[in-house]
Amino acid sequence: MTDTTFAGQVSRWYEENARDLPWRKPEVSPWAILISEVMLQQTPVARVLPAWQAWLDRWPTPAALAGDSPAEAIRMWGRLGYPRRAVRLRDCAVAIVERHGGEVPDRLEQLLALPGVGTYTARAVAAFAYGQRHPVVDTNVRRVVCRAIAGEPDAGPATRPADLVATEELLPPEPAAAALASAAIMELGAVICTARSPRCDACPVNAICAWRASGRVAPIGPTRRPQRYAGTDRQVRGLLLGLLRESTGPVPHQRLDQVWADDVQRARALAGLVTDGLVEPIGEASFRLVGDGPLAPVTD
DNA sequence: TTCCAGTGGT
DNA sequence: ACCACAGGAA
């Protein structure tokens with residue numbers, strides 16, 4: 001008896017066609033999987049690959065990262081984007097050491113309580129690192145399920161509780177099979193059922209896809225406003241951080257002033273970096289990455 | 001809802 | 001130029 005369910009067919013396809021990604025190897029630790037999931041939040045696979053390996057080489061355990069400075073985490077983050085994730089990931093390592101004896105927790109509730117770990121990442125770790133049965137819904141899974149099952153273009157900008165329910169209903173009962181199916185559906189969305197140019201001819205479930213049957217209706221509703229970058233605070237933050245990342249220790253504000261002409265906007269961007277725990281003021285008029293420089297003397 | 005960065009594909 | 005990308009938090 002071959003499994004003809006949606007999850008069964010996608011899983012069979014996955015076992016034959018999955019990309020050979022290093023964090024999918026069976027011997028990879030929960031910590032390594034957690035790092036991959038955080039890096040993959042809004043950053044494409046190709047750019048995560050080298051950074052993930054570098055982080056693991058340097059910080060093989062949560063305790064190792066927790067013992068290093070936020071500044072080093074920010075530097076090792078490189079140009080993956082959204083560098084707040086680097087600080088949160090280190091905060092996460094600290095929390096894992098303090099609350100869980102240095103081991104990545106396996107309960108959803110505990111995972112969700114960690115910094116930088118939300119609905120998606122918590123379930124991804126529980127499923128992929130610990131083999132539990134949870135709906136793992138990222139933008140790919142949401143798109144696949146909306147299309148194939150509901151026959152609709154997409155579910156909107158964010159994952160809703162209904163998306164979790166709809167995905168959970170597709171999962172096979174056995175936890176290990178469910179975790180495999182979750183990875184398979186995600187892979188299908190990443191490789192075949194893409195947002196822009198879906199390759200329905202190569203899809204393992206094209207025969208039972210509601211979206212394809214209905215003629216691949218295009219999304220209608222109010223389109224999201226384009227995310228500008230040039231001239232925004234985000235660009236200024238990027239420039240400031242780039243300078244601080246390359247420097248060791250404090251950088252005088254006169255040098256920071258040179259990266260952007262608008263005083264008001266530059267000050268706002270810098271203040272934002274401080275608020276986000278990426279940068280700290282040093283002395284009268286200098287700034288540095290948080291914790292950069294010599295460690296504070298141990299006093300006891 | 002909005003902000004958060006950075007890059008490559010189309 | 002525009003958009004998509006294994007989201008999370010205020």
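Numbered from 1 within each chain, the chains take letters A, B, ... in sequence-line order. Note that the coordinates shown come from a computational prediction; the quantities given were computed from them, not determined experimentally.
When the side-chain nitrogen and oxygen atoms of A/Gln42 are compared with OP1 and OP2 of C/dG7, one or more of them lie within a distance under 4.0 Å. Remark: A/Thr232 is not in phosphate contact with B/dC3, judged by side-chain N or O atoms under 4.0 Å from OP1 or OP2. Not one side-chain nitrogen or oxygen of A/Arg47 sits closer than 4.0 Å to the OP1 or OP2 atom of B/dG8. Here A/Arg268 does not reach the OP1 or OP2 of B/dC4: none of its side-chain N or O atoms lies under 4.0 Å away.
Distance from the side chain of A/Met186 is smallest to C/dA6 among C/dA6, B/dA5, C/dC5. Closest to the side chain of A/Thr119, from the set C/dA6, B/dG6, C/dG8, is C/dG8. Comparing C/dC3, C/dC5, B/dG6 by their closest approach to the side chain of A/Arg196 singles out C/dC3. Here C/dA6 is the nucleotide among C/dA6, B/dG6, B/dC4 with the atom lying nearest to any side-chain atom of A/Tyr120.
Computed from coordinates, the A/Leu239 CG to B/dG6 C1' distance equals 12 Å when rounded to whole Å. Counting to the nearest Å, the P atom of B/dT7 and the CD atom of A/Gln235 are 12 Å from each other. The nearest whole Å value for the distance from the CG atom in A/Leu49 to the P atom in C/dA6 is 12 Å. To the nearest angstrom, P of C/dA6 lies 14 Å from CD1 of A/Ile192. Rounding to whole angstrom units, NE2 of residue A/His134 and P of C/dA6 are separated by 22 Å. Atom pair A/Asp91:CG and C/dA9:P shows a separation of 11 Å (rounding to whole Å applied). Atom pair A/Leu80:CG and B/dA5:C1' shows a separation of 10 Å (rounding to whole Å applied). Atom P of nucleotide B/dA5 and atom CG of A/Leu240 are separated by 11 Å, given to the nearest angstrom.
Taking atom P in both C/dA6 and B/dT10, one finds a spacing of 14 Å when rounded to whole Å. Comparing the P positions of C/dG8 and B/dT7 gives a spacing of 23 Å, expressed to the nearest Å.
Take A/Asp163 and apply the side chain to side chain contact (heavy atoms under 4.5 Å, CB included) test, not counting sequence neighbours, and it matches A/Val137, A/Arg142, A/Cys146, A/Ala155, A/Thr159, A/Arg160.
Looking at heavy-atom distances under 4.0 Å, A/Leu21 makes contact with a base. Within the nucleic acid shown, A/Val117 comes within 4.0 Å of sugar-phosphate atoms alone, with no base atom in reach, counting heavy atoms only. A/Arg123 comes within 4.0 angstrom of no nucleic acid atom, judged by non-hydrogen atoms across all strands. Nucleic acid contact class of A/Thr194 (heavy atoms, under 4.0 Å, all strands): none. Looking at heavy-atom distances under 4.0 Å, A/Thr139 makes contact with sugar-phosphate atoms alone, never a base. A/Ala195 comes within 4.0 angstrom of sugar-phosphate atoms only, judged by non-hydrogen atoms across all strands, and of no base. No contact: A/Trp77 has no heavy atom under 4.0 Å from any strand. If you check every strand for non-hydrogen atoms under 4.0 Å, A/Arg142 touches nothing.
The pair A/Arg143-A/Glu152 does not count as a salt bridge, with every side-chain nitrogen at least 4.0 angstrom from each carboxylate oxygen. Using a 4.0 Å cut-off between charged side-chain N and carboxylate O, A/Arg12 and A/Asp3 make no salt bridge.
Ranked by how close their nearest DNA chain C nucleotide is to the 5' end, A/Arg88 and A/Val45 are led by A/Val45. Each of A/Arg79 and A/Ala158 lies near DNA chain B, and the nucleotide nearest A/Ala158 is the one positioned closer to the 5' end.
Put simply, OH on A/Tyr130 and CD1 on A/Ile33 are 8.5 Å apart, with the number rounded to the nearest 0.5 Å. With rounding to the nearest 0.5 angstrom, the OG atom of A/Ser11 is 7.0 Å from the CD1 atom of A/Ile185.
One N or O donor and one acceptor, one from the side chain of A/Tyr82 and one from the base of B/dA5, sit under 3.5 Å apart.
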(request) For side-chain contact (heavy atoms from CB on, under 4.5 Å), just list the numbers for A/Leu273 and A/Phe287, CA-CA rounded to whole Å, side-chain angles, deciding distance to a tenth of an Å, and then say yes or no. (result) CA-CA 10 Å; A/Leu273 289 171; A/Phe287 294 86; over 6 Å; no
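The six-membered or imidazole ring of A/Trp55 lies near that of A/Trp77, with a centre-to-centre distance under 6.0 Å.
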